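Please read the structure below before turning to the comments.
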Amino acid sequence: MHTPEASPAHIAEAAYDRRRLRQWLAGQARAEGVSRRTMLRLLAAAGAAGTVPTTLAPAAAAATTATATATATGTGTGTGTGIVKPLPEAWFTVRGTNAETRFAALAETGHHTPNERFFVRNHTATPVLDAADWTLTVWGDGLTHGGSVEFTLPDLKRLPAVTRTAFVECAGNGRSLFTTQQGQTVSGTAWTLGAIGTARWRGTRLADVLRLAGLGPAAVDVLPRGLDADYVTADGTDLGRVRRPLPLAKALDDVLLAYEMNGEPLPPDHGHPVRVLVPSWIGIASVKWVGDIQVSAQPLYSPWNTDFYRLFGDAYPEGGSAPLTRQTIKSAWELDWNAQLTPETEHRLTGRSWSGAAGVVRVDVSTDGGTNWRPAQLHDTPRRGDWTRWSARWRPPAPGAYTLLARATDRAGRTQPGSTVHNTQGYLFDAVVRHPVTVA
Ligand SMILES: Nc1nc2c(c(=O)[nH]1)N[C@H]1C(S)=C(S)[C@@H](COP(=O)(O)O)O[C@H]1N2
Ligand SMILES: [Mo]
C-alpha cells in the first residue's frame with residue numbers, strides 16, 4: 001500500500017503477505033498449477049508492461065471438486081455488455097463489460113445504492129444461475145479431513161444471518177483521473193468515480209461456514225472462485241475463473257457469504273445466488289457467483305494477486321507492492337462533469353466520501369479551485385467500510401467556469417492528498433479531484 005497505515009490489522013496483513021511471498025519463493029507455496037518459474041517471470045514482467053505472458057497456464061484441475069454446474073448464459077440486454085439489468089443512460093456509463101454509476105444519479109438516493117443503480121464490474125458476462133441448483137464446495141488440505149464439504153443455499157440460510165452495510169468499490173475506481181488530472185498513462189477500465197456502491201448485505205459469516213467445513217489449524221489461505229466463465233485476456237491467455245486468495249485472518253474476521261442485497265435476493269449481476277463480501281477491501285476480493293472455496297495449508301496465488309491488484313511502477317519494487325487489500329480514501333460530488341448551475345442562486349451541493357481504513361469524519365470543500373476551504377456538513381455516522389454523505393451550500397457569484405474540490409479525512413487520520421503516486425494499472429487513486437462546473 002502506498003498509504004502506510006499503522007493499525008494492527010494492517011501490520012498483520014502486510015507481515016502475512018511477506019511471509020507468504022517468502023514461502024512461495026522458497027518453493028513451499030502452490031500457485032494453482034502455474035509453475036514457479038512462470039510465476040517468477042510474471043512477477044518480473046508485470047511491472048514493465050502490466051501485460052500477462054502468453055505461457056501462463058490455465059487454472060489447475062483442482063476444479064474437479066468444484067460444482068461448475070452453471071453456464072455463462074448472460075446475454076445482456078442487447079447492449080452486448082453481458083450485463084442482465086437495464087442500464088439507462090441517466091444512471092450508467094457503459095465501459096465494455098462494465099457499467100459505471102453516474103454520481104449525479106446518486107443525488108436522488110439515500111444512504112444505500114438501489115440495486116438498479118449499483119455499478120457492475122464483470123470480467124466476462126453475468127451468468128444466470130438457478131439458486132435451487134447452486135452448491136458451494138469447500139475443500140482443500142486446510143480442512144482437518146482434507147476432503148470437501150457441500151453447502152446448499154438452504155444450508156447457508158439455516159446458519160445465523162448477519163446484516164451489514166458496506167461499499168463495494170473497484171480498485172481501479174477513479175483510474176481515469178491519473179490521466180485527466182495528472183497527465184499519466186495507465187491501463188485498465190477508464191472509470192471516473194462511479195465504480196462504487198453501498199448496499200445492506202445479508203448473509204452467513206464465512207467463518208461459520210469454514211468452521212462447519214472442518215477448518216484445521218494449518219490453514220493459511222482461502223481461495224473463493226466464481227462460477228462465471230474463464231477470463232481470457234486480450235492476447236488470448238486463459239487465466240481460468242475469477243479467484244483471489246484471502247488470508248485466513250481476514251476470512252475469519254468480517255467476511256460474509258451474502259445472499260441478499262438491500263433486502264432482495266442478490267440480483268444476477270451482483271452474484272446471484274451468493275457472493276463473497278469482503279468489507280473495506282478492493283472489489284475483486286468480493287467474488288461473485290461463488291461456487292467453491294479452497295482452504296489451503298499453504299499460501300495460494302492467482303493472477304488476481306500477482307500481476308493484477310498490486311502496485312507496479314517507478315515508485316514500487318520490481319515485483320510490485322504487496323497484493324492490495326484495503327481501499328483508499330475518496331470523495332465525489334453528486335454532479336455530472338461540467339454540470340451547469342445558475343448564478344446568484346444558493347445551491348445545496350451534495351456528495352459522498354469513503355475510506356477503507358476508517359469512517360470519514362471530516363470533509364472540506366472548495367468552490368474556487370482550492371484557494372478557500374470550508375467544512376461540509378456531514379449527514380451520516382462515520383463507519384468503516386461505509387461512506388459518509390455530505391452537503392455544502394454555494395451561491396456562485398457570477399457566470400463562468402469553476403472547479404469544485406472535496407477533501408475527506410477519516411478517523412484513522414488519513415486525508416486525501418493533492419496527487420496520487422503513479423502506478424501502471426491505475427489503482428487506488430486517492431487525490432482530491434478537481435470537478436469542473438459551469439455557472440451560466
Ligand atoms: N466471479 C466474479 N467475481 C467478481 C468479478 C468478476 O468478474 N467475476 N469482478 C470483481 C470486481 S473487479 C469488482 S470491482 C466487484 C464488482 O462488484 P459488482 O459488480 O457487484 O459491483 O466484483 C468482483 N467480483
Ligand atoms: Mo474491480
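Remember, it's a predicted structure, so these values are computed and weren't measured experimentally. Atoms within each ligand, like the ligands themselves, are counted from 1 in listed order. When a residue number appears, it is its place in the shown sequence, counting from 1.
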Answer yes or no: is there a donor N or O on one side and an acceptor on the other, between the side chain of [X] and the main chain of [Y], under 3.5 Å?
X	Y	value
Asp386	Ala166	no
Thr388	Val360	yes
Thr420	Phe429	no

Worksheet entry | Ser355 and Arg414: side chain donor to acceptor below 3.5 Å |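 Yes.
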
Discussion item. Are Trp337 and His435, when compared by the centres of their aromatic rings, separated by less than 6.0 Å?
Written reply: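 Centroid separation for Trp337 and His435: below 6.0 Å.
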
Worksheet item: Mind checking what makes salt bridge (charged side-chain N to carboxylate O under 4.0 Å, His left out) contact with Arg158, not counting sequence neighbours?
Response: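 Per chain and number, Arg158 pairs via salt bridge (charged side-chain N to carboxylate O under 4.0 Å, His left out) with Asp155.
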
Put together the list of close N/O pairs, under 3.5 Å, between ligand 1 and the protein, could you?
residue	atom	partner	partner atom	Å
ligand 1	1 (N)	Asp228	OD1	2.8
ligand 1	1 (N)	Asp228	OD2	3.3
ligand 1	1 (N)	Lys288	O	3.0
ligand 1	3 (N)	Lys288	N	2.9
ligand 1	7 (O)	His123	N	2.8
ligand 1	7 (O)	His123	ND1	2.8
ligand 1	8 (N)	Asp228	OD2	2.7
ligand 1	9 (N)	Arg121	O	3.3
ligand 1	17 (O)	Arg275	NH2	3.1
ligand 1	19 (O)	Arg121	N	3.0
ligand 1	19 (O)	Lys288	NZ	2.5
ligand 1	20 (O)	His270	ND1	2.8
ligand 1	20 (O)	Arg275	NH1	2.8
ligand 1	21 (O)	Phe119	O	2.7
ligand 1	22 (O)	Arg275	NH2	3.4
ligand 1	24 (N)	Ser286	O	3.0

